[in-house]
Amino acid sequence: MNVCVVLFTSDLRLHDHPPLRAALRAADEIVPLFVRDPAVDRAGFAAPNRLAFLADCLADLDRGLSERGGRLVVRTGATAAEVRAVARQTGADEVHMAAGCSAFAHDREDRLRRSLEPDGRRLQVHDAVITAVPPGGITPQGSDHFAVFTPYFRRWTAEPLRTPLAAPRAVRVPPAVRSEELPARASVASVSAGLPTGGERAGRKRLTAWLSRHADAYADRHDDLAGDATSRLSPYLHFGAVSATEAVHRARARSGAGAEAFVRQLCWRDFHHQVLAARPEAAREDYRTRHDRWRHGEEAEADLQAWREGRTGYPVVDAAMRQLAHEGWMHNRGRLLAASFLTKTLYIDWREGARHFLRLLVDGDIANNQLNWQWVAGTGTDTRPGRVLNPVLQARRYDPEGAYVHRWVPELAGVPAPAVHEPWKLTGPERAALDYPDPLVSLGDGLARFRDARDRD
């Protein structure tokens, strides 16, 4: 029997899976393989919420393979060593996998290729599996990547996408290849109480339901904090349980302003992947340094801890941080407000915020998390690096009735809008009755400090 290995990484699905379909065309049997690599833990990627969601994804992938006559093979160890061992055991000539964009992913591919070549085995790396357009697939003249979103979006929109692939009808796996037990969600400690269920079935169901019920209103409502009109597909896209390419095709088929706005957000995801692929150091270093003198010391650490706990004194920021703790997810407008407040009002290093988000976010993606933080901090690709989001004005605009704040900051449940967005202005017994802190800093003082640090007038 001719055998191929399919190494699953951030592409935990059966629908629209080019490496899987290529392997099935090339071989009589395949080994669908997932490696639990301790290097992922050491790199800080294995946060509880993502481990729990991953367990759901792997269980669902195994179930889908079983329905087609196959099964998922799980191993623990260094990826290159485990793949090589499986290839040797089964006599596989080729290993197929999706291309990544991070330094970690590139290093994994290099190690794997070097481990297979002495045995005469080939590594086939497939583009446009994790993103709709591969990093480096489109570039501006004179550069290896786009540094500004709008021209990238124009080119990306004109780029022809491959046709999504159907899930295979049958998968034959060599019976002798052993597998460890699949990880179980129940075995993961410290998981956020509101974490959603992972897996391809859940992701496809969510995509279908959202497109049919909510996509038309997305352009008008995607910033509505209380309305929660976003797709919530980011965890499924991060783990590859839903194909970005298929999502773009399905949204475009629906058409309309809402679908177009949704596709634009998918393009932002690809944009950040192509920036990180070209500049992998941006995961930890300023993409464009502003020579910041970030605050340090006891007072800054106390402010950082208050921000983490959702006790800054600014209700919309605190609501967003508490949503993150409870769900392992945060509304995109909330992410912008929380990040702007930390980096520009408190003037604390964006890396501290990115690190906290990665501890909790189920969709904690290095490209999108780090580069969105840099965008807000003004050290990334934002063409207006000095912009500061005012949390009070933003709350009045995107949570006018105070419903989002009331949901996540119950101490303020009895305070009506618009007063709920500025509870420090309440007086007398009404203010004294609230178990809610005063602001860490006034917005005016925070703005002045930021502008002085950035040497702006």
Side-chain angles (χ1 to χ4, degrees), residues 1-35 37 57-58 60-75 78-101 105-106 108-137 160-179 200 239-246 249:
M1 286 285 188
N2 188 19
V3 178
C4 284
V5 174
V6 179
L7 178 63
F8 287 87
T9 55
S10 299
D11 50 346
L12 304 179
R13 63 180 185 269
L14 296 178
H15 290 81
D16 194 37
H17 199 288
L20 176 61
R21 296 309 297 248
L24 287 168
R25 286 193 300 270
D28 303 303
E29 295 180 330
I30 68 163
V31 182
L33 177 64
F34 182 84
V35 179
D37 194 330
C57 289
L58 295 177
D60 189 61
L61 180 58
D62 181 61
R63 185 161 54 248
L65 288 165
S66 297
E67 291 169 355
R68 293 161 172 82
R71 60 193 169 95
L72 181 65
V73 175
V74 176
R75 297 286 181 90
T79 298
E82 293 302 321
V83 173
R84 181 180 57 200
V86 169
R88 285 177 172 176
Q89 179 189 352
T90 60
D93 295 321
E94 293 182 345
V95 174
H96 293 259
M97 69 180 298
C101 75
H106 291 160
R108 178 175 57 196
E109 291 170 17
D110 290 342
R111 288 174 182 270
L112 185 51
R113 187 174 285 105
R114 290 197 301 268
S115 75
L116 294 172
E117 285 177 349
D119 293 344
R121 295 183 168 91
R122 297 179 299 279
L123 177 64
Q124 304 286 356
V125 179
H126 298 259
D127 286 327
V129 180
I130 294 171
T131 56
V133 174
L161 302 185
R162 59 175 178 78
T163 301
L165 302 166
R169 294 183 179 180
V171 177
R172 297 179 59 183
V173 178
V177 65
R178 68 170 182 84
S179 176
E200 182 178 16
F239 283 92
V242 167
S243 159
T245 300
E246 184 178 2
H249 275 286

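These figures come from a predicted structure and were not determined experimentally. What you see below is based on every heavy atom in this structure, not just the backbone, and it leaves out hydrogens, waters and symmetry mates.
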Practice problem: Please examine the side chains of R71 and D62, heavy atoms only from C-beta on, and report whether any two atoms are closer than 4.5 Å. | Solution: yes

message: Between L20 and I30, is the side chain to side chain contact (heavy atoms under 4.5 Å, CB included) condition met? List the steps.
response: CA-CA 9 Å; L20 176 61; I30 68 163; 3.3 Å; yes

Correct closest heavy-atom pair for E200 and A241 would be CG-O, 3.4 Å

Minimal heavy-atom distance between S115 and A80, with the atoms involved, is OG-O, 3.6 Å

dist I130:CD1 -> T245:OG1 (nearest 0.5 Å) comes out at 11.0 Å

When rounded to the nearest 0.5 Å, the distance separating NE2 of H106 from SG of C101 is 6.5 Å

Output for pair (L33 CG, T90 OG1), nearest 0.5 Å, gives 9.5 Å

Residue set satisfying ring pair (Phe, Tyr, Trp, His ring centres under 6.0 Å) with H249, at least two apart, ordered chain then number -> none

Check: Is S179 close to L72 at the side-chain level, that is, under 4.5 Å between some pair of heavy atoms?
Finding: no

Value for CG (L161) from OG1 (T131), rounded to nearest 0.5 Å, stands at 10.0 Å

Residues 6-24 vs salt bridge (Lys or Arg N to Asp or Glu O under 4.0 Å), sequence neighbours excluded, gives D16-R162

Between L112 and E109, is a side chain to side chain contact (heavy atoms under 4.5 Å, CB included) present by the stated rule, with each step listed?
CA-CA 5 Å; L112 185 51; E109 291 170 17; 5.7 Å; no

Ring pair (Phe, Tyr, Trp, His ring centres under 6.0 Å) pairs touching residues 1-26, sequence neighbours excluded, are F8-H17

For R68, the side-chain contact (heavy atoms from CB on, under 4.5 Å) test, sequence neighbours excluded, returns L14, A167, P168, V171

Applying side chain to side chain donor-acceptor pair (under 3.5 Å) to R172 and not counting sequence neighbours gives none

Contacts satisfying salt bridge (Lys or Arg N to Asp or Glu O under 4.0 Å) that involve residues 118-128 (not counting sequence neighbours) are R88-D119, E94-R122, D119-R121

Would you say the side chain of F34 lies within less than 4.5 Å of the side chain of L61, judging by non-hydrogen atoms? no

(message) Could you check whether any side-chain heavy atom of V173 comes within less than 4.5 Å of a side-chain heavy atom of P32, counting everything from C-beta outward?
(response) yes

Tell me if a side-chain donor or acceptor on D28 pairs with a main-chain N or O of N2 at a distance below 3.5 Å. yes

message: Around atom CZ of R63, are there more than 12 heavy atoms from other residues, nucleotides or ligands closer than 6.0 Å?
response: yes

Heavy-atom nearest pair, V129 first then P19, reads CG2-CD, 3.7 Å

Shortest non-hydrogen pair, H96 vs A23, comes out as CD2-CB, 3.8 Å

d(Q124 CD, R113 CZ) to nearest 0.5 Å is 9.0 Å

Across all chains, not counting sequence neighbours, the side-chain contact (heavy atoms from CB on, under 4.5 Å) partners of Q89 are R75, V177

Sorted by chain and number, sequence neighbours left out, side chain to side chain donor-acceptor pair (under 3.5 Å) with R114 holds for none

With sequence neighbours left out, the residues meeting side chain to side chain donor-acceptor pair (under 3.5 Å) with D37 are T79

Closest heavy-atom pair, A105 versus G100, reported as atoms and distance to 0.1 Å, is CB-CA, 3.7 Å

Do L123 and L7 come within less than 4.5 Å of each other through their side chains, counting heavy atoms only?
no

For A170 and L24, the nearest pair of non-hydrogen atoms, with its separation, is O-CD2, 4.1 Å

Contacts of E67 meeting salt bridge (Lys or Arg N to Asp or Glu O under 4.0 Å) (sequence neighbours excluded), chain-then-number -> R201

